[in-house]
2 protein chains.
Amino acid sequence: MTYGYLATMRTKAGRRDEVVQILLGGVDGLRGAGCRLYVVGVSDTDPELIWVNEVWESKEHHDASLQLPGTRAAIARAMPMLTGEFTGQELTVAGGLL
Amino acid sequence: MTYGYLATMRTKAGRRDEVVQILLGGVDGLRGAGCRLYVVGVSDTDPELIWVNEVWESKEHHDASLQLPGTRAAIARAMPMLTGEFTGQELTVAGGLL
């Protein structure tokens with residue numbers, strides 16, 4: 001059963017688009033790491049919040065990806081622009097079009 | 001810019017899996033209606049909640065899909081199994097792997 005993770009992160013004022021670019025910068029390597037879906041979304045209704053929807057082959061693939069050097073470097077770059085307010089919801093993907 | 005919609009719906013006790021099957025039953029027609037992504041997720045941590053993540057070519061495509069006869073029939077079938085507690089968040093998709 002594939003593993004979903006639905007996250008939000010709040011950025012400091014005016015830093016959202018920089019964080020979005022960091023999040024999108026690692027997309028090329030995701031598929032090889034077991035990622036089947038990775039969508040970064042924003043909304044004018046809450047202009048400092050970023051939504052990230054991910055689907056991975058397994059929770060283990062997702063957890064392992066967080067240890068990749070590129071991922072760790074991206075997290076380190078983004079962290080100073082974040083407020084520390086995160087939400088995360090693990091999901092079991094029942095199916096769909098993806 | 002593609003349009004994202006992140007929804008949750010709460011089902012009455014014991015009805016979640018039936019509603020999931022209804023949601024997945026219309027997947028075949030989605031791509032032709034302008035849907036680029038449709039993921040149905042569940043979680044053991046809240047066993048009566050269903051998450052639906054959608055990406056459409058535009059908000060207009062999404063709105064139009066709700067008027068399709070198949071969609072309307074599916075909604076009518078699911079409604080009696082839902083509590084009426086819905087959340088929805090529109091998103092602008094910034095990019096990713098999808």
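A note on names: the letters A, B, ... follow the listed sequences, proteins ahead of strands, and every chain is numbered from 1.
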- [ ] Pick whichever of L98(A), V42(A), I50(A) has the most heavy-atom pairs under 4.5 Å with chain B.
- [x]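 Top count of heavy-atom pairs under 4.5 Å with chain B: V42(A).
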Open item on the list: Only pairs of heavy atoms separated by less than 4.5 Å count here; which of G4(A), G26(A), G96(A) has the most with chain B?
Closed with: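 Option with the greatest count: G96(A).
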When you group the ILVMFWY residues by side-chain heavy-atom contacts below 4.5 Å and let the links chain together, are [Y] and [X] in the same group?
X: V55(B); Y: L37(A); result: yes
X: Y3(A); Y: V52(A); result: yes
X: I75(B); Y: L68(B); result: no
X: F86(A); Y: Y5(A); result: yes
X: L30(B); Y: V19(B); result: yes

- [ ] Check whether L23(A) gets within reach of chain B through its side chain, its backbone, both or neither, counting any heavy atom under 4.5 Å.
- [x]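 Answer is neither: L23(A) stays 4.5 Å or more from chain B.
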- [ ] Select one option (side chain, backbone, both, neither) describing which atoms of Q89(A) are under 4.5 Å from chain B's heavy atoms.
- [x]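 When you check distances to chain B, only side chain atoms of Q89(A) fall under 4.5 Å.
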Task: Side-chain heavy-atom pair L97(A), R31(B) within 4.5 angstrom cut-off - done: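 A side-chain contact under 4.5 Å exists here.
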TODO: Report yes if the side chains of N53(B) and V39(A) come closer than 4.5 Å at any heavy-atom pair, otherwise no.
DONE: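 A side-chain contact under 4.5 Å is absent here.
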Open item on the list: I'd like to verify something: which residue of V40(B), V27(B), D44(B) has the highest number of heavy-atom pairs under 4.5 Å with chain A?
Closed with: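 Going by pairs under 4.5 Å, I would pick V40(B).
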TODO: Give, as side chain, backbone, both or neither, the part of L24(B) having an atom under 4.5 angstrom from any heavy atom of chain A.
DONE: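 Only the side chain of L24(B) comes within 4.5 Å of chain A.
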Task: R16(A), CZ: over 12 other non-hydrogen atoms inside 6.0 angstrom - done: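 Counting neighbours around CZ of R16(A), more than 12 heavy atoms of other residues, nucleotides or ligands fall under 6.0 Å, so yes.
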Task: Candidate list L91(B), T92(B), V93(B), test side-chain contact (heavy atoms from CB on, under 4.5 Å), partner W51(A), passing option - done: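 Option passing the side-chain contact (heavy atoms from CB on, under 4.5 Å) with W51(A): L91(B).
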Task: Non-hydrogen atoms of V20(B) and A94(A) that approach each other most closely - done: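 Taking V20(B) first and A94(A) second, the nearest heavy atoms are CG1-CB, 3.6 Å.
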